[in-house]
Novice: 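Input: one structure, supplied below.
All chains are named by letter (A, B, ...) in the order of the sequence lines, taking the proteins before the strands, and each is independently numbered beginning at 1.
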There are 2 protein chains.
Amino acid sequence: MRFTLRQIEAVLAVAELGNFSRAAERLGSTQPALSQAVRDLEAELDVRLFDRTTRRVELTEAGRAFRDQAAKGLDEIDRAVGHARDLAALRRGRIHIAAPPLLAAAVLPQAIVEFRAEHPGVDVAVEDVGTDRIVAGVASGQADLGIGTFQSLDPGLERLPIIRDDLMLFCPPDHPLAASPAPGWRDLAGEPLIALTRESGIRLLVEIGFETVEQPLRPAHEVHQIATALALVAAGLGVTVLPTYALAAAEGRAVVGRSLADPVIGREVVVIHPSDRALSPAARAFTDRLRRVVRRLSPPGP
Amino acid sequence: MRFTLRQIEAVLAVAELGNFSRAAERLGSTQPALSQAVRDLEAELDVRLFDRTTRRVELTEAGRAFRDQAAKGLDEIDRAVGHARDLAALRRGRIHIAAPPLLAAAVLPQAIVEFRAEHPGVDVAVEDVGTDRIVAGVASGQADLGIGTFQSLDPGLERLPIIRDDLMLFCPPDHPLAASPAPGWRDLAGEPLIALTRESGIRLLVEIGFETVEQPLRPAHEVHQIATALALVAAGLGVTVLPTYALAAAEGRAVVGRSLADPVIGREVVVIHPSDRALSPAARAFTDRLRRVVRRLSPPGP
DNA sequence: CAGTTTTACGGTGACCGTAATTATA
DNA sequence: TATAATTACGGTCACCGTAAAACTG
C-alpha cells in the first residue's frame, strides 16, 4: 500500500489552516475523513506530522519539511495537469502546417486569422513548400498536418477531405468565354493556353481534360507558378485552367474564373496526418476551421 | 482534482517502457489495470497522452509535456516521503539538547558517542547552559529537549525521568570516611566542607541534609563550579557533597565518591520537553540511549 | 497467427460520511 | 461545559484481476 494525493492534500490543507474542520470544509470533505487521511499518511511515513490536541494543530519539524517539499511536488503536478488541460481546451498549443504555396496564400491566412481569434493561445506555423516536402514533413512528424491534393499517398498517412476542388477556366473579363453560360473543355480548342509545366500535378489533370475531349494540348506558354499563369492571362496572352482555389489569387487582377464542365475534373483537397498518430486537439480544431473557411470561399455560381 | 498518483505512475512507466504489459510488471500490477488507469487519466485531462496500436505505444506531444513535468512533481513528492521516512528511521535528523555544564561534560559525551555510532546521520548539538536557560530554551522550542533536575516546572513541560540522582560524599581516597561502610550526614560534622554557592540547586539539598541531622552548615570554602569543588577535595582541603553524576567528573582525580545515607537525598534527573509537542523520533531515541548510558554509570556499590 | 491492447464483468477493499466517544481549555 | 479531534461502523464506489474480444503486423 502506498500513499495518495488526497492524503497529501489533506496534510497541506490542515497545515495551512491549522484546523481539521476548516480544512475539511475547504476540501469539500468531512473532518473525520481528513483525520483518517492524515493518520494514514503518518502511519505510512512512520512519523508524526502534526502535534495536535483538540485545541491546537501544528506541524512538527518533520511535518514542516514534508509540507514544504510535498507542496512543491503537488504544485508541479498541478502545473502538468493544467498544461495538459490547456492543450485540450486550446488555450495553449502549437500547430505546424505544411501547405503548397498557393493554398498557403489563398486560404490559410483567413483560416489562421479566424482560428487565432478563437484560440489566441495557440501558435500556428505555416511552411509553404512543394507537395513532396509536405508529405515528407508530415510523415516525419515535423509537421502536424499537411494540406494539398495528393494522388497516391503513403498508406501511413490518413486523408481528411476538406473540399472537392474542380478545375476552372481563367480568362480576361472581356473574353468571349467569360460570357459563356457553361464553358466546356471543347471550347478551349484554338484558345492560346497558358499551362503549368509537367512538374505540377495540375498539368496532369489538364492533360486529362484535353484527352477526354480528344483535343491536342499545345501550350502557348509554360510556367512554373500559378501566379505567373494568372499574370499572363491578365496580360491578354491567353487563358488557363487552374484549381478553384486560384480564385483567391485572381482577386484584384483582370482575370475571372468560370466553372469548366464536360468533364468536371477535380481533386480532393485533403488534410493529411500520420495515421498512427491522432491529431492534436489544436490540429483537429484547425482542420475544422479550415474546412469551414474553404467552403465559404467555394466557387460562386456562374 | 480527480486524478491519482497511481495513474501518473502508470503514465510514467508506460512512457518509459513503451509497453503496457512490461510497465504493469514493473509496477506489480496487471496490464488491464494500467490500461484503465491511463484511460481514466486521459479522460480526466481530456487529452490523449499516448498514440497506441497493439504494436506501438508512444507519447503524444501533450503526453511528453505532461510526462516531463509530472515526473518532476512525482520525484519531488518521493523525496518528501523519503526525507520523512529518513527522519523516522533515524537516518537523518538533528537534535538540539540543552543541559547543565556538568551533565553535559559527564554523561552526554558518552551518550552522544554511542548515539552517533548507531545513527550516523543524526546531528546532535549540545548547549551547556544554566537551568533557567534550559527551561527557556525547551519552552521556546529552540532546544528539542533539556536535561537536568528541575524542582518546580512549567506545567507546559513534560518530564521523562532518566534516573534518580542521590547526593554522594566526595573525599580523598585515604580519608577515614572513604573507608566507612555506610557514611551518613551526621558523620560530616566537623569535616571541613567544600560547598557550592547558594546559586546552585545542589546547595539547597545539602542544606536540607544538614538540617535533617540538625547540624549547622559551615562551609570551609564556597565555590561556583562542581569541578572546582572536586579539585579542592583532591587537594585535601576538605570533603564535599555532590550529585552522583559528579562521579564521572571525579574520574582520574584523587577523589572517591561514597553513598551518603540518613537521609538519602536525591533528585530526579529528567529530560524535559514541551508537553504539547511530541518528541521527534531522534529525540526519543536519544533519550532512550541517554537513559541506558546513565544507568550504566550508576553508582557502584560501596 | 502471435502478441498486445481494449472491453467486460464480478469481487473486494479502501475511503467516506454519520454517529458516538474522548480530550482540552 | 463547549468545542474539536478521534474512534467506531456501515455502505458504496472505485479499482483491481480474470476472462474474453479486438486489433495489428
Novice: Stepwise, does the side-chain contact (heavy atoms from CB on, under 4.5 Å) test hold for A/Leu108 with A/Leu103?
Specialist: CA-CA 7 Å; A/Leu108 277 188; A/Leu103 224 46; 5.7 Å; no

Novice: For the residue pair B/Val270 and B/Pro161, what are the closest heavy atoms and their distance?
Specialist: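 Looking at all heavy atoms of both residues, the shortest contact is CG1-CA, 3.8 Å.
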
Novice: Between atom CG in A/Leu41 and atom C1' in C/dA14, what is the gap in whole Å?
Specialist: 15 Å

Novice: Regarding A/Arg56, tell me which of base, sugar-phosphate or nothing describes its non-hydrogen contacts under 4.0 Å with the strands shown.
Specialist: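 Answer is nothing: A/Arg56 stays at 4.0 Å or more from every strand.
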
Novice: What is the distance from CG of B/Asp51 to P of D/dT24, rounded to the nearest Å?
Specialist: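 Roughly 13 Å, once rounded to whole Å.
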
Novice: Output, in order, the C-alpha distance, side-chain angles, deciding distance and verdict of side-chain contact (heavy atoms from CB on, under 4.5 Å) for B/Arg267 and B/Arg164.
Specialist: CA-CA 6 Å; B/Arg267 313 169 297 176; B/Arg164 178 175 177 84; over 6 Å; no

Novice: Could you tell me the separation between the OG1 atom of A/Thr149 and the CD1 atom of A/Ile202, rounded to the nearest 0.5 Å?
Specialist: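 Reported to 0.5 Å precision, the distance equals 7.0 Å.
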
Novice: Identify the heavy atoms of A/Gln31 and A/Phe20 that sit nearest to each other, and give their distance.
Specialist: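 That would be NE2-CB, 3.5 Å.
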
Novice: Taking atom C1' of C/dT4 as reference, at what distance in whole Å does atom CG of B/Leu17 sit?
Specialist: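 These atoms are roughly 15 Å apart.
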
Novice: Between A/Asn19 and D/dT3, does any side-chain N or O lie under 4.0 Å from OP1 or OP2?
Specialist: no

Novice: Going by distance alone, is a donor N or O of one side chain under 3.5 Å from an acceptor N or O of the other, for B/Arg91 and B/His119?
Specialist: no

Novice: Heavy-atom contacts under 4.0 Å between residues 273-281 of chain B and DNA chain C, which residues?
Specialist: none

Novice: Going through the distances and angles, do A/Leu74 and A/Glu9 end up as a side-chain contact (heavy atoms from CB on, under 4.5 Å)?
Specialist: CA-CA 8 Å; A/Leu74 212 56; A/Glu9 290 173 323; 3.8 Å; yes

Novice: A side-chain contact here means heavy atoms from C-beta on lying under 4.5 Å apart; do B/Ile97 and B/Asp144 qualify?
Specialist: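 No, every pair of side-chain atoms sits at 4.5 Å or beyond.
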
Novice: Scan nucleotides 7-16 of chain D nucleotide by nucleotide, 5' to 3', and note B when protein non-hydrogen atoms come under 4.0 Å of the base, S if they reach only the sugar-phosphate, - if neither.
Specialist: B--------S

Novice: Rounded off to whole Å, could you give me the CG-to-C1' distance for the A/Leu27 and C/dG17 pair?
Specialist: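 In whole Å, C/dG17 C1' and A/Leu27 CG are 15 Å from each other.
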
Novice: Which atoms form the tightest heavy-atom contact between A/Ala15 and A/Leu59, and what is the distance?
Specialist: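 It is CB-CD1, 3.7 Å.
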
Novice: Whole-Å distance between D/dT6 C1' and A/Arg48 CZ?
Specialist: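 Result: 11 Å.
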
Novice: Are there any protein N/O atoms within less than 3.5 Å of an N/O atom in nucleotides 21-24 of chain C, and if so, which ones and at what distance?
Specialist:
residue	atom	partner	partner atom	Å
C/dT24	O4'	A/Thr54	OG1	2.8
C/dT24	O2	A/Arg55	NE	3.4
C/dT24	O2	A/Arg55	NH2	3.1

Novice: Is it the case that more than 12 heavy atoms not belonging to B/Arg6 sit under 6.0 Å from its CZ atom?
Specialist: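 Atom CZ in B/Arg6 is not packed in, count stays at 12 or less.
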
Novice: If a pair satisfies ring-ring contact (aromatic ring centres under 6.0 Å, His included) and one of its residues is in residues 266-294 of chain B, list it, with sequence neighbours excluded.
Specialist: B/Phe115-B/Phe286

Novice: Please report the interatomic distance CZ(B/Arg48) to CZ(B/Arg39), rounded to the nearest 0.5 Å.
Specialist: 8.5 Å

Novice: Return the value, rounded to whole Å, for the distance between atom CZ of B/Phe20 and atom C1' of D/dC23.
Specialist: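 My rounded result for the distance is 14 Å.
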
Novice: Measure the angle between the two terminal helix axes of the helix from C/dC1-D/dG25 to C/dA25-D/dT1, five base pairs each, and quote it to 10°.
Specialist: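 One end axis against the other gives 40°.
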
Novice: Which side-chain N or O atoms in residues 129-141 of chain A pair as donor and acceptor under 3.5 Å with protein atoms at least two apart or in another chain?
Specialist:
residue	atom	partner	partner atom	Å
A/Ser140	OG	A/Ala136	O	3.3
A/Ser140	OG	A/Gly137	O	3.1
A/Ser140	OG	A/Gln142	N	3.2

Novice: When the distance from CZ of A/Phe3 to P of C/dA14 is rounded to whole Å, what number comes out?
Specialist: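 Rounded to the whole Å, the gap is 17 Å.
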
Novice: In sequence, state the C-alpha distance, the side-chain angles, and the governing distance for A/Glu127 and A/His96, and then conclude on side-chain hydrogen bond (donor to acceptor under 3.5 Å, both in side chains).
Specialist: CA-CA 8 Å; A/Glu127 195 179 1; A/His96 190 119; 3.1 Å; yes

